[in-house]
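Report on the structure given below.
Computed from a prediction, not measured in an experiment: that's the story for all the values here. Position 1 is the first residue of the sequence, and the numbers go up from there.
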Amino acid sequence: ATEGVDQYVDDWIWDSYRAQHPLMVILEPTAESAKLTSYLRLASQNREGWVPTFPELSHDSNRMVNHHVAISFLDAWTKGVRGFDLKAAYTALDHTERTESLVPWHCGPWTELDRFMDEHGYFPALAHGEQETCSAVGGERRQAVSVTQGASYDAWALARMARVVGDKEGEAYYRKRSQNYRNLWDPETRFFRPKDSTGAFVTPFDPIRCGGYGARNYYTENNAWTYIWDVQHDLGGLRELLGGAEGMERRLDEMFNTGVGCRWDHVQALPDGSTGLMGNFSMANEPSFHIPYLYNLAGQPRKTQKLVRKTLEAWFRNDRMGMCGDEDGGGMCAYAVFSMMGFYPVTPGLPHYEIGSPVFSKVTIHLENGKDFTVSAPGASYEAKYWTKGSIGGRPLQGTRFRHKDILAGQTLLLKMTDHPVVAAGPEITVVAAGPEITVGPAGDPELDAWAAQTLLPTLKAWYPKIAEMYASPEFRPL
């Protein structure tokens with residue numbers, strides 16, 4: 001039933017499903033349930049019966065790509081949020097996925113591109129120099145790789161919902177589609193690459209500036225480096241493609257240490273993903289949010305802890321730097337809130353969180369059920385960003401994650417903080433001497449600070465007095 005429920009709008013779901021919706025599941029589950037219910041009402045009120053992808057004040061504007069609201073429905077249900085009709089949600093989402101086109105920024109029924117993907121398992125890209133043949137495709141181009149990957153994640157969510165409601169045919173159909181991302185994996189270059197309608201990889205291929213404004217010929221607002229990691233629903237499968245934990249770590253390191261070339265050319269080519277840069281990682285755009293936490297899955301939690309802190313210290317500061325990218329529908333702030341608390345929902349739809357590096361010594365969340373969930377990190381500081389061991393509800397942590405039900409039970413996540421980098425060995429985490437690090441110019445680097453004081457600051461004073469004043473402020477830390 002949708003009567004008596006407020007209508008929610010201005011939800012940029014491509015941006016908000018990643019962190020903002022999961023944050024509301026914790027902070028305001030009743031409101032999250034009402035929001036999702038209102039989207040079912042929108043579906044029942046439009047003649048096509050489609051669930052909105054980008055609900056705005058007057059209509060569903062169909063911005064961006066894919067039907068990611070399916071992930072938010074699954075995430076809420078998996079984490080115990082009730083009050084909405086899951087069977088009705090699945091029915092509407094299943095209908096939407098099977099009949100509404102995946103052409104970016106387009107509202108309409110399936111096209112020849114959708115039928116091609118349903119048959120061949122990937123959204124076809126145009127060959128180099130080929131003219132557009134599908135009339136539904138506009139200035140946003142095909143974005144073929146990210147559409148394929150996003151549809152795989154949505155299919156994973158629908159398969160899990162199908163299992164709950166008892167649709168065996170739907171579960172099998174979507175489970176198969178959830179693996180479509182593999183069809184674009186190129187083991188030679190170790191990128192997800194566009195394929196044309198003949199099944200050939202599109203050449204030439206530039207993983208940094210990937211074709212068209214905002215890389216939109218093949219990707220969405222970000223380049224091929226970012227989209228290596230856009231497999232949130234099957235990170236174990238991705239790790240396998242990369243050659244295991246060590247291969248995953250090496251590929252992450254390569255991304256953070258591979259430059260983008262001329263910065264001005266990069267800004268022109270990818271304006272949405274050209275700020276907040278650390279190598280080819282861009283903190284400025286939503287598909288990057290989960291990437292710093294992937295070092296946990298590669299067996300290197302010390303790198304997650306260091307990198308998460310670096311993103312916060314460099315790009316989410318209470319000074320004139322502000323935020324590094326577009327705050328779309330609360331997505332950017334939700335990343336900061338989660339990361340400052342010390343954990344993050346790497347895979348919305350799964351009821352657990354990866355631990356990063358808490359900024360505060362204590363955070364308490366007053367839950368709607370009357371209980372309090374606490375993150376306790378005594379000694380957490382600018383220097384003490386690593387943790388050596390932890391417990392949840394008095395039980396020793398096994399690895400780097402904990403469950404949503406631990407939050408609902410009002411338990412305490414206790415982390416022992418240190419200023420020494422640590423390394424994981426199975427479930428055990430032990431302090432080690434500093435080994436190979438991510439060489440992205442860590443905050444507080446003595447050599448970099450000395451260069452800044454001796455060379456950069458005098459230059460700024462001579463040429464840009466106001467910038468020098470900001471730089472000299474005790475609130476401003478050099479990167």
| said: Test your reading of the model: is there a side-chain donor-acceptor pair from T275 to the backbone of C324, 3.5 Å cut-off? | reply: yes

| field | Carboxylate-amine/guanidinium contact R177 D154, below 4.0 Å | value | no

| query | Within 45 degrees of the axis of the six-membered ring of W77 and under 6.0 Å from its centre: does R82 put its NZ or CZ there? | reply | yes

| query | How close do F373 and I392 get, heavy atom to heavy atom, and via which atoms? | reply | CE1-CD1, 4.0 Å

| Between D75 and H21, does a side chain to side chain contact (heavy atoms under 4.5 Å, CB included) hold up when you go through it step by step? | CA-CA 9 Å; D75 190 58; H21 274 272; 5.7 Å; no

| query | Under the 3.5 angstrom rule, does the side chain of T311 hit a backbone N or O of V308 as a donor-acceptor pair? | reply | yes

| message | As a quick check of understanding, evaluate side chain to side chain donor-acceptor pair (under 3.5 Å) for D11 and S16, giving each step before the final call. | response | CA-CA 7 Å; D11 187 2; S16 60; 2.6 Å; yes

| remark: Between the OG atom in S178 and the CG atom in D234, the distance rounded to the nearest 0.5 Å is 7.0 Å

| query | So, are K303 and D253 salt-bridged, with charged N and O less than 4.0 Å apart? | reply | yes

| query | Can you name the closest pair of heavy atoms from I407 and L367 and give their distance? | reply | O-CD1, 3.0 Å

| Derivation of the side chain to side chain contact (heavy atoms under 4.5 Å, CB included) call for H67 and T53 | CA-CA 6 Å; H67 304 134; T53 59; 3.3 Å; yes

| field | Test log, rule side chain to side chain donor-acceptor pair (under 3.5 Å), inputs Q232 and T347 | value | CA-CA 5 Å; Q232 290 170 263; T347 303; 5.8 Å; no

| message | Please enumerate all residues that pass salt bridge (charged side-chain N to carboxylate O under 4.0 Å, His left out) together with R18, with sequence neighbours excluded. | response | none

| What is the minimum heavy-atom distance between D326 and E286, and which atoms define it? | O-OE2, 3.4 Å

| message | If you define the side chain from C-beta out and look only at heavy atoms, does anything of E327 sit under 4.5 Å from C333? | response | yes

| said: Can you tell whether the side chains of D319 and R317 come within less than 4.0 Å, N to carboxylate O? | reply: yes

| message | Are there over 12 heavy-atom neighbours, none belonging to E368, within less than 6.0 Å of that residue's CD? | response | yes

| query | Below 4.5 Å, heavy atoms only, C-beta onward: do E221 and W14 meet side chain to side chain? | reply | yes

| Any K389 side-chain heavy atom under 4.5 Å of L415 side chain | no

| said: Contact between Q411 and F402 at the side-chain level, heavy atoms closer than 4.5 Å - yes or no? | reply: no

| Can you tell if the side chain of T78 reaches within under 4.5 Å of the side chain of L350, non-hydrogen atoms only? | no

| message | Between D406 and R395 (salt bridge meaning N to carboxylate O under 4.0 Å), is one present in this structure? | response | yes

| Can you name the side chain to side chain contact (heavy atoms under 4.5 Å, CB included) partners of K405, sequence neighbours left out? | R403

| task | Specify the closest pair of heavy atoms between P52 and D60, including all atoms of both residues, with the distance to one decimal. | result | CA-OD2, 3.2 Å

| Between the side chain of Q7 and the main-chain N/O of S38, is any donor-acceptor distance below 3.5 Å? | yes

| Heavy-atom closest pair, residues A92 and V51 | CB-CG2, 3.6 Å

| Ring geometry between W12 and F54 (parallel below 30°, tilted from 30 to 60°, perpendicular above 60°) | tilted

| task | Evaluate ring pair (Phe, Tyr, Trp, His ring centres under 6.0 Å) for Y227 paired with F192, printing each intermediate quantity in order. | result | CA-CA 7 Å; Y227 280 95; F192 290 103; 9.3 Å; no

| said: Looking at Y8, I want to see if its OH is surrounded by more than 12 non-hydrogen atoms of other residues, nucleotides or ligands under 6.0 Å. | reply: yes

| query | Short question: side chain of T258, backbone of E254 - any donor-acceptor pair under 3.5 Å? | reply | yes

| task | Report the C-alpha separation of T226 and Y219 in whole Å, then their side-chain angles, then the decisive distance to 0.1 Å, and conclude whether the side chain to side chain donor-acceptor pair (under 3.5 Å) test is met. | result | CA-CA 9 Å; T226 297; Y219 304 93; over 6 Å; no

| Ring centroid separation F343 to F338 under 6.0 Å | yes

| request: Please examine the side chains of I291 and M255, heavy atoms only from C-beta on, and report whether any two atoms are closer than 4.5 Å. | output: yes

| Is the gap between the ring centers of Y353 and Y344 under 6.0 Å? | no

| Between H233 and Y181, does the ring centre distance come in under 6.0 Å? | yes

| request: Go through the steps to decide whether I26 and I365 satisfy the test side chain to side chain contact (heavy atoms under 4.5 Å, CB included), and finish with yes or no. | output: CA-CA 9 Å; I26 297 174; I365 302 175; 4.1 Å; yes

| query | How long is the span from the CD atom in Q305 to the OG1 atom in T418, to the nearest 0.5 Å? | reply | 10.0 Å

| task | Run the numbers on Y218 and Q143 for side chain to side chain contact (heavy atoms under 4.5 Å, CB included), then give the verdict. | result | CA-CA 4 Å; Y218 313 128; Q143 304 179 36; over 6 Å; no

| field | Centroid-centroid under 6.0 Å between Y17 and F73 rings | value | no

| field | Ion pair check, R63 and D328, cut-off under 4.0 Å | value | no

| query | Do Y39 and S72 have side-chain N/O donor and acceptor atoms under 3.5 Å apart? | reply | no

| request: Is it possible for you to check whether K385 lies under 6.0 Å from the centre of the six-membered ring of Y382, through NZ or CZ, and within 45° of that ring's axis? | output: yes

| Would you say D265's side chain and G261's backbone share a donor-acceptor pair under 3.5 angstrom? | no

| request: Measure the shortest side-chain to side-chain distance between Y335 and M283 over non-hydrogen atoms and say whether it is less than 4.5 angstrom. | output: yes

| Using 4.0 Å as the upper bound for N to carboxylate O, is an ion pair formed by E313 and K310? | no

| Could you go step by step and tell me if N222 and D272 meet the side chain to side chain donor-acceptor pair (under 3.5 Å) rule? | CA-CA 7 Å; N222 298 269; D272 299 288; over 6 Å; no

| query | Do the non-hydrogen side-chain atoms of V145 and F191 ever get within less than 4.5 Å of each other? | reply | no

| query | When the ring planes of H68 and Y153 are compared, do they come out parallel, tilted or perpendicular, using 30° and 60° as the limits? | reply | tilted

| query | If every non-hydrogen atom of I355 is compared with every non-hydrogen atom of L397, which pair is closest and at what distance? | reply | CD1-CD1, 3.5 Å

| field | Sidechain-backbone polar pair: R239 side chain, L297 backbone, donor-acceptor under 3.5 Å | value | yes

| query | Looking only at atom types and distance, does a side-chain atom of R251 sit under 3.5 Å from a main-chain N or O of R190, one as donor and one as acceptor? | reply | yes

| said: Using modelled atom types and a 3.5 Å cut-off, is there a donor and acceptor pairing between side-chain atoms of T374 and backbone atoms of S376? | reply: no

